[in-house]
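I have placed the structure first, in the form of structure tokens, so that the comments after it can refer back to it.
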Amino acid sequence: MKRRLLASLVPVALLASCGDTAEDEAAGDAMDPASEQALNDELMTDPDLAGRNEANAALSGTGNAAIPNIDKSPRAVEAARSRAAELVGGRSELVSAPTATTLGEGAAPSQAMVAAARAAVAPGGENCGDKVEYSSAWAAKLPAAFPVYPRGNTQEAAGTDEGECALRVVSFLTPVPLDEVLAFYYTRARGAGFSVEHVTSAGDNILSGTKGDAAYVVYGRRLPEGVTEIDLVTTD
């Protein structure tokens with residue numbers, strides 16, 4: 001499977017500009033289904049990327065795999081909602097993301113998106129995208145503030161801790177509506193002291209922000225199959 005992963009972080013042009021600029025889940029949730037799957041699965045190196053520059057291959061975004069048959073029952077949705085609420089201290093603590101600003105076609109990325117992209121892809125001028133490896137295990141190595149949404153079905157994961165890089169890129173599916181998933185990440189980001197910016201661009205809802213050298217970008221979309229697809233990018 002070859003999905004968007006690094007291509008979801010920022011447009012290729014922005015990645016290029018970043019390269020030229022000088023400039024676990026919480027322990028109590030370690031065994032939720034997404035993490036358990038990530039920890040138990042074998043290394044899943046994309047055969048299409050073998051022997052090639054992985055960052056450039058990921059940027060192609062040419063994958064078009066069929067959506068798997070995930071559990072979309074009311075019971076599954078409610079179980080995921082309940083766990084998400086627990087992770088923010090209760091349902092009353094979940095705060096909806098602010099109204100999104102729409103970026104028109106050809107518009108420059110928002111300030112938070114640019115800051116997050118620079119921090120994630122090239123901290124200190126290092127091109128972390130060139131160093132990523134593909135393994136479902138990276139889904140269990142996300143920063144505590146930004147876990148895979150509870151009961152999320154991880155589709156692909158990549159990351160690296162080489163050098164000064166601490167990059168994680170995870171794509172997952174959930175039957176929970178998009179606005180609820182965004183509320184979860186908005187609440188988690190605010191609670192962890194990150195800035196938050198919400199925009200829409202090319203059909204995606206995008207939350208992004210930074211805290212010091214750490215950054216995150218959440219790309220979300222609702223698919224016709226009745227599931228929410230999330231591309232989550234973080235760096236410490």
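What's counted below: heavy atoms across the whole structure, side chains too, no hydrogens, waters or symmetry copies. Counting begins at 1 with the first residue of the sequence.
- The distance from atom OH of Y186 to atom CG of L207, rounded to the nearest 0.5 Å, is 9.0 Å.
- The minimum heavy-atom distance between A76 and R151, with the atom names listed, is O-CD, 4.2 Å.
- Here the CG atom belonging to L94 is positioned 10.5 Å from the CZ atom belonging to R188, to the nearest 0.5 angstrom.
- Between L232 and P147, the closest heavy-atom pair is CD2-O, 4.0 Å.
- Once rounded to the nearest 0.5 Å, the distance linking OG of S135 with NZ of K141 reads 6.5 Å.
- At distances below 3.5 Å, at least one donor-acceptor pair connects side-chain atoms of T187 with backbone N or O atoms of V95.
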task: Could you check E78 against R75 for salt bridge (charged side-chain N to carboxylate O under 4.0 Å, His left out), going step by step and ending with a plain yes or no?
output: CA-CA 5 Å; E78 185 55 32; R75 180 178 178 180; over 6 Å; no
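- Under the 3.5 Å distance criterion, the side-chain polar atoms of K131 are left unmatched by any main-chain donor or acceptor of L167.
- Between the side chain of T234 and the backbone N or O of Y216, no donor-acceptor pair lies under 3.5 Å.
- Proximity of a side-chain donor or acceptor of W138 to a complementary backbone N or O of E133 within less than 3.5 Å is detected.
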- prompt: Is there a ring-ring contact (aromatic ring centres under 6.0 Å, His included) between F146 and F194 once you walk through the steps?
  reply: CA-CA 11 Å; F146 302 105; F194 283 80; 5.1 Å; yes
Scan the side chains in residues 173-184 for donor-acceptor partners under 3.5 Å anywhere in the protein, sequence neighbours excluded, and list what turns up.
from : atom 1 : to   : atom 2 : distance (Å)
T174 : OG1    : V176 : N      : 3.2
E180 : OE1    : R81  : NE     : 2.7
E180 : OE2    : R81  : NE     : 3.2
E180 : OE2    : R81  : NH2    : 2.8

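- Closest of all the heavy-atom pairs between K72 and V77 is O-CG2, 4.2 Å.
- Residue Y219 holds its OH atom at 4.5 Å from CD1 of I206, rounded to the nearest 0.5 Å.
- With respect to the salt-bridge test (charged N to carboxylate O, under 4.0 angstrom), the residues D236 and K211 do not qualify.
- The shortest side-chain heavy-atom distance between R168 and D161 falls under the 4.5 Å cut-off.
- Using a 4.5 Å heavy-atom cutoff, the side chains of D231 and S171 are in contact.
- A donor-acceptor pair under 3.5 Å links the side-chain atoms of S195 to the main chain of T210, judged by distance alone.
- Using a 4.5 Å cut-off on side-chain heavy atoms (C-beta onward), V218 and I230 make contact.
- For T160, there are no side-chain hydrogen bond (donor to acceptor under 3.5 Å, both in side chains) partners at least two apart in sequence or on another chain.
- Considering all non-hydrogen atoms of both residues, A84 and P150 come closest at N-CG, 3.6 Å.
- Between the Y185 side chain and the Y149 main chain, a donor and an acceptor come within less than 3.5 Å of each other.
- Sequence neighbours left out, not one pair with a member in residues 78-97 passes ring pair (Phe, Tyr, Trp, His ring centres under 6.0 Å).
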